[in-house]
Amino acid sequence: MSDQIRRELLLPASVAEVWEVVTGDGWLAGEVELELIPGGEARFLGEQGLRTGWVEDAQAPGPSGRSGRLAFWWSVDDEPASRVELVLETESDGLT
């Protein structure tokens with residue numbers, strides 16, 4: 001994969017709170033359906049239309065609540081799929 005976009009955000013929230021936001025309706029698309037297991041189906045319906053794909057990896061925050069990871073592929077119709085990876089980690093000042 002040659003083209004990449006990397007972005008880091010520091011958020012005043014817990015990993016569990018951010019996990020709920022990124023896996024639910026509203027942040028990635030207006031309506032989100034994710035089967036949070038490797039190979040699970042992914043469906044995103046938003047203003048740009050319907051994107052479908054599959055979940056590569058989903059690691060919900062554990063009991064320690066210090067990290068989480070979601071990686072999936074999505075595409076519109078017959079366009080090439082894009083890989084999206086979200087890594088949630090606790091920092092001393094908040095969440096990255």
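Judged by distance alone, with hydrogens and angles left aside, the side-chain atoms of E17 form a donor-acceptor pair with the main-chain N or O of S14 at under 3.5 Å.
With contacts defined as side-chain heavy-atom distances shorter than 4.5 Å, the pair L70/T23 qualifies. Looking only at side-chain heavy atoms (C-beta outward), R69 and D57 come within less than 4.5 Å of each other.
Ring pair W54/F72: centre-to-centre distance not below 6.0 Å.
Rounding to the nearest 0.5 Å places CH2 of W74 at 8.0 Å from OG of S82. Atom CG of residue L11 and atom CG of residue L88 lie 9.0 Å apart, to the nearest 0.5 angstrom. Rounding to the nearest 0.5 angstrom, the gap separating the CD atom in Q59 from the CG atom in L86 is 12.5 Å.
A single hydrophobic cluster is seen to contain both V84 and V15, as judged by linkage of ILVMFWY side chains at heavy-atom distances under 4.5 Å, directly or through other members. Note on W73 and L45: separate hydrophobic clusters, where clusters join Ile, Leu, Val, Met, Phe, Trp and Tyr whose side-chain heavy atoms are under 4.5 Å apart, directly or indirectly. Hydrophobic clustering (ILVMFWY, side-chain heavy atoms < 4.5 Å, transitive): W19 and V21 are in one cluster.
Of all heavy-atom pairs between A81 and S75, the closest is CA-CB, 3.7 Å.
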Do any side-chain atoms of residues 25-40 form donor-acceptor pairs under 3.5 angstrom with protein atoms, and if so which ones, sequence neighbours left out?
residue: D25; atom: OD1; partner: V32; partner atom: N; Å: 2.7
residue: E33; atom: OE2; partner: R43; partner atom: NH1; Å: 3.4
residue: E35; atom: OE1; partner: E41; partner atom: N; Å: 3.2

